[in-house]
Enquirer: 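Sharing a structure below in structure tokens format, with a few things to ask.
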There are 2 protein chains.
Amino acid sequence: MTKQNVPELYLDNQVCFPLYAASRLITKIYAPYLNELGITYPQYLVMLTLWQYGEQSVKTIGERLYLESNTLTPLLKRLEQKKLIMRARSKIDERTVLVSLTNKGREMKEKAKEIPGRIVESFDDKTITEEEISIFQKTLFKLLVVLNNKRNGNNLLDNLDLNAPGLAPR
Amino acid sequence: MTKQNVPELYLDNQVCFPLYAASRLITKIYAPYLNELGITYPQYLVMLTLWQYGEQSVKTIGERLYLESNTLTPLLKRLEQKKLIMRARSKIDERTVLVSLTNKGREMKEKAKEIPGRIVESFDDKTITEEEISIFQKTLFKLLVVLNNKRNGNNLLDNLDLNAPGLAPR
DNA sequence: TACATTTGAATCGCACACGATTTAATCGAT
DNA sequence: ATCGATTAAATCGTGTGCGATTCAAATGTA
């Protein structure tokens with residue numbers, strides 16, 4: 001990508017805006033399904049990390065979702081109000097708040113399991129092939145690594161948690 | 001293929017979350033450059049549409065950015081306070097509010113022109129090739145079409161404004 | 001052991017997003 | 001021409017995001 005071709009608006013408008021728009025539209029696709037569970041998309045992501053990894057600190061959740069306490073603390077309080085999670089100071093390190101699932105939170109996982117399938121169904125329109133999505137996902141993943149490293153001001157790939165929900169299988 | 005491995009979890013967690021995360025990280029990349037101009041990323045997108053198309057209604061801006069008046073009205077009022085735009089009811093249709101650039105808003109374009117190049121520079125790290133980005137952009141574009149059609153509940157591609165900023169060149 | 005530094009959450013203020021509703025203007029079928 | 005339906009903005013309430021700051025706990029170093 002030479003400077004010459006960039007003049008006005010390549011990555012800028014060709015990628016950044018569509019990414020921003022697609023992200024919002026996808027959240028809207030989830031909304032009706034998540035409404036049935038009574039949670040929002042960001043809250044769903046927190047639940048996903050808890051279902052996958054179990055009890056963990058606010059900081060750890062933040063590293064996995066690329067969010068910080070200023071966003072997570074209020075969000076977690078809302079999940080707590082809904083009796084889906086519990087928050088408790090760690091006995092070992094009083095600075096740390098450990099987040100864990102309640103029974104109600106664990107039970108929600110069963111209902112939530114249907115969601116991915118229902119989302120994929122709604123994309124089953126042959127416009128985009130599975131292979132295309134696969135390639136797309138790989139680049140998206142790389143992009144996330146680059147962006148995350150820019151943000152942290154280093155060149156290590158180590159910073160990306162490969163086990164973050166949705167970043168790697170399993 | 002067991003339920004566990006079904007591509008279901010695929011689009012869901014493999015694409016949706018990274019898309020959400022990448023979108024936010026990209027906004028953060030823009031922040032320092034936009035700070036120099038005193039505007040936010042969504043405000044920058046509105047300015048882009050005005051620079052590209054000139055005077056247009058709130059509804060039209062919304063169609064181009066996939067936003068509605070509940071988001072745009074307050075945002076436009078902030079741009080108006082900054083003396084970058086003007087808002088005026090249309091004489092022809094009193095329901096419509098026409099948004100246009102002030103001189104200050106027009107002048108900002110010159111400064112803003114540098115931004116795309118500076119953004120692209122920060123991606124010039126060889127991790128992602130130009131071809132990869134090109135393919136990525138194509139799929140992203142298709143995705144946007146599919147998502148937008150889902151949202152509007154029809155199968156026409158016509159709904160997507162191919163001239164939306166960043167969706168197609170020129 | 002003191003004590004400055006670092007760290008993890010929380011808090012604060014502002015700006016989106018967006019579902020739902022309201023208001024005013026226009027359209028359209030009779 | 002009338003009046004119900006539609007349309008464009010605005011308004012309202014809730015929930016993120018995030019930069020900046022605060023606070024308390026833990027850490028490192030003299």
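First the proteins, then the strands, lettered A, B, ... as listed; each starts at 1. Keep in mind that this is a model prediction, so the values were computed, not measured.
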Enquirer: Could you tell me how far apart B:Glu68 (CD) and C:dT21 (C1') are, to the nearest whole angstrom?
Expert: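 That distance rounds to 13 Å.
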Enquirer: Looking only at side-chain N and O atoms, does B:Thr40 come under 4.0 Å of OP1 or OP2 in C:dC16?
Expert: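 Yes, within the criterion.
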Enquirer: Does A:Ile61 reach a base, just sugar-phosphate, or nothing at all? Heavy atoms under 4.0 Å.
Expert: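 The answer is nothing, as A:Ile61 stays clear of every strand by at least 4.0 Å.
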Enquirer: Angle between the two end axes of the helix from C:dT1-D:dA30 to C:dT30-D:dA1, five base pairs per end, rounded to 10 degrees?
Expert: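 Result, rounded to 10 degrees: 20°.
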Enquirer: Report the distance from atom CE of A:Met47 to atom P of D:dT16, rounded to the nearest whole Å.
Expert: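 Taking CE of A:Met47 and P of D:dT16, I get 13 Å after rounding.
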Enquirer: When the distance from CG of A:Leu75 to C1' of D:dT14 is rounded to whole Å, what number comes out?
Expert: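 So the two atoms are 12 Å apart, to the nearest Å.
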Enquirer: Got a salt bridge between B:Glu132 and A:Lys142, using NZ or NE/NH1/NH2 to carboxylate O under 4.0 Å?
Expert: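 Looking at B:Glu132 and A:Lys142, the cut-off is met.
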Enquirer: Using whole Å, report how far CZ of B:Arg24 lies from P of C:dC16.
Expert: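 Interatomic distance, CZ of B:Arg24 to P of C:dC16: 17 Å.
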Enquirer: Taking the side chain of A:Glu94 as heavy atoms from C-beta outward, which of D:dA25, D:dG15, D:dG17 is closest to it?
Expert: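 The answer is D:dA25, which lies nearest to the side chain.
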Enquirer: Please report the distance, rounded to the nearest Å, between CD in B:Glu63 and C1' in D:dT7.
Expert: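 Distance check: B:Glu63 CD to D:dT7 C1' gives 12 Å.
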Enquirer: Strictly by modelled atom types, are B:Arg64 and B:Gln56 linked by a side-chain donor-acceptor pair under 3.5 Å?
Expert: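 Looking only at side-chain atoms, B:Gln56 and B:Arg64 do form a donor-acceptor pair, the distance falling under 3.5 Å.
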Enquirer: Identify, with sequence neighbours excluded, every residue that meets salt bridge (charged side-chain N to carboxylate O under 4.0 Å, His left out) alongside A:Glu110.
Expert: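 For A:Glu110 the salt bridge (charged side-chain N to carboxylate O under 4.0 Å, His left out) partners, ignoring immediate neighbours, are A:Lys113.
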Enquirer: Within the structure provided, determine whether A:Ile61 and A:Leu67 are in side-chain contact (heavy-atom separation under 4.5 Å).
Expert: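 With C-beta onward as the side chain, the pair stays apart.
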Enquirer: To the closest 0.5 Å, what do you measure between CD (B:Glu107) and CG (B:Leu84)?
Expert: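 The CG atom of B:Leu84 is 10.0 Å from CD of B:Glu107, to the nearest 0.5 Å.
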Enquirer: For nucleotides 4-13 of chain C, give me one character per nucleotide, 5' to 3': B if any protein heavy atom sits under 4.0 Å from the base, S if the only such contacts are to the sugar-phosphate, - if neither.
Expert: ---BSBBBB-
Enquirer: Using the closest heavy atom to pick a nucleotide of DNA chain D for each, name whichever of A:Arg78 or A:Lys91 lands nearer the 5' end.
Expert: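 The 5'-side residue here is A:Arg78.
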Enquirer: What residues form a salt bridge (charged side-chain N to carboxylate O under 4.0 Å, His left out) with A:Glu36, not counting sequence neighbours?
Expert: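 With sequence neighbours excluded, A:Glu36 shows a salt bridge (charged side-chain N to carboxylate O under 4.0 Å, His left out) to A:Arg118, given in chain and number order.
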Enquirer: Among all residues two or more places apart in sequence or in another chain, which pass the side chain to side chain donor-acceptor pair (under 3.5 Å) test with A:Asn70?
Expert: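 Result, side chain to side chain donor-acceptor pair (under 3.5 Å) vs A:Asn70: none returned.
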Enquirer: Between C:dA15 and B:Tyr41, is there an OP1 or OP2 to side-chain N/O distance shorter than 4.0 Å?
Expert: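 For B:Tyr41, the contact criterion (side-chain N or O under 4.0 Å from OP1 or OP2 of C:dA15) is not met.
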Enquirer: Between B:Leu34 (CG) and D:dG19 (P), how many Å, whole number?
Expert: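 Distance, rounded to whole Å: 13 Å.
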Enquirer: With a 4.0 Å limit, can you tell me whether A:Tyr20 has a side-chain N or O closer than that to the phosphate oxygens OP1/OP2 of C:dC16?
Expert: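 Indeed not, no polar side-chain atom of A:Tyr20 lies that close.
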Enquirer: Nearest whole Å is fine: how far is C:dC16 P from B:Lys28 NZ?
Expert: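 From B:Lys28 NZ to C:dC16 P: 17 Å.
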Enquirer: Hey, can you tell me if B:Tyr44 and B:Trp51 have their rings parallel, tilted or perpendicular (30° and 60° cut-offs)?
Expert: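 Judged by the thresholds at 30° and 60°, the geometry between B:Tyr44 and B:Trp51 is perpendicular.
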Enquirer: What pairs with A:Glu80 under side chain to side chain donor-acceptor pair (under 3.5 Å), at least two apart in sequence or on another chain?
Expert: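 Applying side chain to side chain donor-acceptor pair (under 3.5 Å) to A:Glu80 gives A:Arg87.
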Enquirer: In whole angstroms, how far is the P atom of C:dA17 from the CD atom of B:Gln43?
Expert: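 Those two atoms, CD and P, are 10 Å apart.
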